[in-house]
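What follows is a single structure, written as structure tokens, with notes after it.
The first residue of the sequence shown is numbered 1, and numbering continues consecutively from there. Since this is a predicted model, take the numbers as computed values, not measurements.
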Amino acid sequence: MATWNSRGLRGSALEEYINRTNEKYLENGLALIQKIPTPITPIQIDKQTHHITLAYFDQKSTVDYIGVVQGIPVCFDAKECRTDTFPLQNIHKHQVVFMENFEKQGGIAFFLIYYPSREEFYYLRFEKLKEFWQRMQTGGRKSFRYEELEQEFLFRSAGGLLAPYLNGIQKDLTLRD
């Protein structure tokens, strides 16, 4: 049983960027993407603030977001990277298995990685993740570096969208054709 201790609001800015972007996509009829809550069972609650301070996960979470973009099923997980090296331990095997099965069903799976020091987002295609994952599985690096990223999948906030990932999906679809 995994336990959870609050580490402040780590990643909450990224989540807010994505949630606001998802609202804009919905308003414009472009996509319907929803945040998937991770089911937890509280163990300890601060009586003054009524905040959960200790809990355990009821089950393994798969991805952070799931939905549909113009008829295409989409799922993704959001991660933040404060250095130029992203440890693959931040991605779990059950997530990789879920995403692989999702893609086998005709969906698009990806990771959205935010580099706050660069104010950049990276759309990590599932196909590219599999390359990094396979390298790790065969005894290679257990991380990937910023320099290894596909430059055409790096982007910044633009056009009133805080995390405009639809362009990444469009490029991803182009590579699949």
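The CG atom of Leu161 sits 10.0 Å away from atom CG of Asn22, with the distance rounded to the nearest 0.5 Å. Taking CZ of Arg135 as the start and OG of Ser143 as the end, the distance is 7.0 Å to the nearest 0.5 Å. The CD atom of Glu80 sits 9.0 Å away from atom CZ of Phe121, with the distance rounded to the nearest 0.5 Å. The CG atom of Asp77 sits 8.5 Å away from atom NE2 of His92, with the distance rounded to the nearest 0.5 Å. To the nearest 0.5 Å, atom CD1 of residue Ile113 and atom CG of residue Leu129 are 8.0 Å apart. Here the OH-OH distance, from Tyr146 to Tyr115, works out to 7.5 Å after rounding to the nearest 0.5 Å.
The closest donor-acceptor contact from the side chain of Asp172 to the backbone of Arg125 lies at 3.5 Å or more, if one exists at all. Listed for the Gln70 side chain is a donor-acceptor partner under 3.5 Å among the backbone atoms of Leu30. In terms of modelled atom types and a separation under 3.5 Å, the side chain of Glu103 and the main chain of Ile108 share no donor-acceptor contact. Side-chain N or O atoms of Lys79 include one that pairs as donor or acceptor with a backbone N or O of Asn90 at under 3.5 Å.
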Steps toward side-chain contact (heavy atoms from CB on, under 4.5 Å) verdict (Arg118, Asp84)
CA-CA 10 Å; Arg118 296 174 178 271; Asp84 282 354; 2.8 Å; yes
Please walk me through it: do Trp133 and Ile91 pass side-chain contact (heavy atoms from CB on, under 4.5 Å)?
CA-CA 9 Å; Trp133 194 262; Ile91 297 173; 3.9 Å; yes
Run Val69 and Tyr25 through side-chain contact (heavy atoms from CB on, under 4.5 Å) and show every step you take.
CA-CA 9 Å; Val69 176; Tyr25 287 158; over 6 Å; no
Between Gln95 and Val63, does the side-chain contact (heavy atoms from CB on, under 4.5 Å) criterion hold? Intermediate values first, please.
CA-CA 7 Å; Gln95 289 179 304; Val63 293; 5.5 Å; no
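Nearest approach of Gln48 to Asp46, heavy atoms of both residues: N-OD1, 2.8 Å. The heavy-atom pair separating Gly106 from Pro73 by the smallest distance is O-CD, 4.2 Å. Nearest heavy atoms, Pro164 versus Ala158: CG-N, 4.1 Å. Annotation for Ala163 and Thr21: closest pair N-OG1, 2.8 Å, computed over non-hydrogen atoms. When every heavy atom of Lys171 is checked against every heavy atom of Glu152, the shortest pair comes out as NZ-O, 2.7 Å. Nearest heavy atom pair, residue Ser157 against residue Leu162, reads OG-O, 2.5 Å.
Using a 4.5 Å cut-off on side-chain heavy atoms (C-beta onward), Leu173 and Ile72 make contact. Side-chain contact between Phe111 and Tyr122 is absent, with no heavy-atom pair separated by less than 4.5 Å. Here the side chains of Thr62 and Ile36 are not in contact, with every heavy-atom distance at 4.5 Å or above. Phe86 has its side chain out of reach of Leu124: every pair of non-hydrogen atoms, C-beta onward, lies at least 4.5 Å apart. Counting only heavy atoms from C-beta outward, the side chains of Phe153 and Leu175 approach each other to under 4.5 Å. With a 4.5 Å cut-off on side-chain heavy atoms, Phe144 and Glu131 do not count as touching. Considering only heavy atoms from C-beta on, Leu112 stays 4.5 Å or farther from Tyr65 through its side chain. No side-chain heavy atom of Arg141 sits under 4.5 Å from any side-chain heavy atom of Leu88.
Within a 6.0 Å radius of NZ in Lys24, other residues, nucleotides and ligands contribute 12 heavy atoms or fewer. Within 6.0 Å of CD on Glu100 lie more than 12 heavy atoms contributed by other residues, nucleotides or ligands. The local environment of CD in Gln105 is sparse, with at most 12 non-hydrogen atoms from other residues, nucleotides or ligands closer than 6.0 Å.
Ring-centre distance between Tyr123 and Tyr165: not below the 6.0 Å cut-off. For Phe126 and Phe110, the ring centers are positioned 6.0 Å apart or more.
For the side-chain hydrogen bond (donor to acceptor under 3.5 Å, both in side chains) criterion with Thr85, the lone passing option out of Lys142, Arg145, Glu147 is Arg145.
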